[in-house]
Amino acid sequence: MMRQFALSFDPESSSSPAGLPEPESIVAGLNEAQQQAVTALEGPVLIVAGPGSGKTRTLTHRIAYLLATGRAKPYQVLALTFTNKAAREMQERIRHLVGPQAARGITMGTFHSVFARILRIEGEALGYSRDFSIYDSDDSERILRSLMERFRIDSKQFSVRALRGLISSAKNAMVSPHDYGRMVASPIQEKAALVYPAYEETLSRSNAMDFDDLLLKPIALFQGHPEVLKKYQQKWQFLHIDEYQDTNHAQYTIAKMLAAAHRNLCVVGDDAQSIYAFRGADIANILSFQRDYKDAKTIRLEQNYRSTQKILALAESIIKQNRDQLEKHLWTDNTEGNFVLLMEALSEKDEAQKIERTIRELQTRAGHPYRDFAVLYRTNAQSRSIEDALRRASIPYRLIGGVSFYSRKEIKDALAYLRLMVNPHDAASLRRVINYPTRGIGDKTVEMLALFARERGYTLWQALDHLDESELAGRASGSVQKFHFLINQHAAQLATRPADEVARDLLQEAGLFSAFKQEQTLESQARWENVQELLNALAEHVQAAEGNDLSTFLQEVTLLTDADRADDGEVNRVTLMTLHASKGLEFPAVFVTGMEEGLFPLAKAAQDPRELEEERRLFYVGVTRAQEHLFLTHARTRFRYGQHESSLRSRFLDEVDTSVIRTESGRALEQKSDRFTMQPAAPAGRTITYDGVDPHYYRTPVGGARKGGSGRGGRDDDDNRVVYDEGEAQIVPGVAVEHQQFGRGKVLALEGRGDMAKATVFFHDHGQKKLVLKFARLRRLG
DNA sequence: AATAACTTTCTTTTT
DNA sequence: GAAAGTTATT
């Protein structure tokens, strides 16, 4: 469980400089560039660092150096990291470097967790009480779903997720609901514009903030209350931001505001490792740092301490394919190392088996313990086959990500109950549990309550408070009253009894536990245990420190990720995780799996040059996790979408330096570089044209013409070769087509089956369109 | 209102 | 193949 770091303003709470280590001891053992970065104490500093160059280490030592020289008191230091785990490790190391006393009081954590704490203290200025709920995307979608119903928006036509995405991007770009209304350019944006103001209204009435708000509200606070900004500018004299390439616009703005007075801002990042654009991360933040801060000192950390020469050579050749980069020349003193091994498998099962065998071999022959291995994949769904193989071979593994602990249904249900006690106006939580376990309060009743609340200007909870004034009567009314009392009664007890006991009682009386018991399955048993674990964590939290209560627990828990939770780093197991989750980690042996077109890069990403570059950076990140052994794997067929689909190896394998790669037979890799030609300098946002693309490259079956496995002497492989229906005149991705109205264009992708089959076509004169094949009457050219 | 049985859609990646 | 949404049944 995350510790709550004290947020101290008091200089006296920091220790005296006595007992501090010699500053020299802190830079000892660092290379020249690192020393430069550590000792450049004031003014804006940009550290451009390659993978494995010790960037986090450098940042850590810099903070230690600030403390050891007496230049900074701990409470004046702010360090923002990408995960809470990274913050914890950094805290650990600083403590080790300067001693626990001297390290006490540093503010450290992710942007989200640090500013959630600030909002607890300062949020009242914006109309929030300190017990505000933090909504994850699940909660946001719950709110949006009910709003879509209210505005009669067809959820089939416009998905909740898409709407949330639009609203989230709007918030990230700091576009207000009012302004958004004027910028509408498509039907779905129109719906988003309709819902956006109501969504914001619901959130603020619920005394709740979503993830975006945790960054936006501080900005609003600083803008509206200059004295508060000044207070924090004075407090945090030294700002540090790790993984700067993954900051979004709001984070950039916060940093700029806080650093405006003293300009002691030190950021570390690697533009080549920017992999979170989909979440609003803006690579421009790091690219333009020197422009924003004219006097910025730029320091490059180019020596790699992690990987062998061959692995690094492969990494370099990957990233060379991308444009727009800060110049870096990576090099290493490490040995040349082994060849990178490319393994081809028949299926995802076969792939998993090869991985499993390789692990066993390296373990027995080279004595690598299990913890030395990491298996990386593009999508969480891929973990399954690998898990199966490892389990069969009795190889212990730990899975990071996937369905994380705190996003499990039973945990979210339990959390919703607990949230209602501290923040009853939280509408998402109320809706979540008002009828779970079922107690006779159906959708109709809830909607009636919502309507009543809106008419009176009440929150949903206030509607329960004034139930007698509503039209609701009879059995439904009785159930609602009982629920209302249940929450109130327990909330009142929070003042006098330990929170974990009250929580346990509430869940018991709400019938959550008996719901599990009734099921009598292994799964329901596991769910029960999970909730117990949550309650234990709560008990631990409450006992850990003064000021820790249910409300702080709930806020912190929402911001935890799976990686933060796993404290079993010492356990000897193989690690399974997505490429994204692997950022910042290193392993002696790494498998980058699923190197197939359509999966890595994903089919969608392959259509947009910017997304394709991000996928390539992701490949780069994966490859640079490896210290000694690197394996790339791909499968010829993969079970996806409930069916076997055949796939071709990733284009990434055809654009890299093959001199460091060997296949299983020990031969060099034969490249087919002509499979894809694309304009090397496609301007951002424009669609790539695939001239000379092999029309059979994608083999998504269309037209429902999938033949059975038997008969006609067809091999397994042939089954999935049906790429078009006779009637559709060979419409496959890559071919040029003509449309009566739109003229000439190129097919980018196909989806759907039979009459529902649709093609995404890029028309030269009309841009990208999605057409139903049945009606489009596309004519194939050439 | 609640359950069971059916159908549809869908998968990126996550603070 | 799973999750979410829909329909039918009590």
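Quick note on labels: first sequence line is chain A, next is B, and so on, each numbered from 1.
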Closer than 4.0 Å, any side-chain N/O of [X] to the OP1 or OP2 of [N]?
X      : N      : answer
A:R640 : C:dG1  : no
A:R145 : C:dG5  : yes
A:T83  : B:dT15 : no
A:N380 : B:dT14 : yes

Electrostatic pair A:E351:A:R638 at N-O distance under 4.0 angstrom: yes
Nearest whole Å is fine: how far is [N] [atom2] from [X] [atom1]?
X      : N      : atom1 : atom2 : answer
A:R616 : B:dT13 : CZ    : C1'   : 17 Å
A:H644 : C:dG1  : NE2   : P     : 9 Å
A:Y406 : B:dT15 : OH    : P     : 14 Å
A:L602 : B:dT14 : CG    : P     : 12 Å
A:D443 : C:dT7  : CG    : C1'   : 15 Å
A:N172 : B:dT14 : CG    : C1'   : 12 Å
A:D138 : C:dA3  : CG    : P     : 13 Å
A:E614 : B:dT14 : CD    : P     : 12 Å

Backbone of A:L599 reached by a side-chain donor or acceptor of A:T379 within 3.5 Å: no
Any donor-acceptor N/O pair, A:N435 side chain to A:I441 backbone, under 3.5 Å: yes
G-U wobble or Watson-Crick pairing nucleotide for B:dT13 (cut-off 3.5 Å, both distances): none
Base-pairing mate for C:dT7 - Watson-Crick or G-U, with both contacts under 3.5 Å: B:dA4
A:D210 and A:Y199: side chain donor to acceptor below 3.5 Å: yes
Plane angle bin for A:F619 and A:F652 - parallel if under 30°, tilted between 30 and 60°, otherwise perpendicular: parallel
Residues, nucleotides or ligands: over 12 heavy atoms within 6.0 Å of A:D443 CG: no
Comparing A:A476 and A:E615 on DNA chain B - which has the more 5′ nearest nucleotide: A:A476
Nearest-nucleotide 5' precedence on DNA chain B, A:S159 against A:R164: A:S159
Whether A:F278 stacks on the six-membered ring of B:dT13 base, 5.5 Å and 30° limits: yes
Test: A:K217 cationic atom under 6.0 Å from A:Y128 six-membered ring centre, within 45° of axis: no
Considering only side-chain heavy atoms of [X], which listed nucleotide, [options], is closest?
X      : options               : answer
A:T445 : B:dT12, B:dA1, C:dG1  : B:dA1
A:R384 : B:dT15, B:dT14, C:dG1 : C:dG1
A:R279 : B:dT15, B:dT13, C:dG1 : B:dT15
A:T438 : C:dG1, B:dT12, B:dT3  : B:dT3

Whole-Å C1' distance, B:dT12 and C:dG5: 22 Å
Please classify the nucleic acid contact of [X] as base, sugar-phosphate, or nothing, using heavy-atom distances under 4.0 Å.
X      : answer
A:N435 : sugar-phosphate
A:D136 : nothing
A:R475 : nothing
A:R161 : sugar-phosphate
A:F111 : nothing

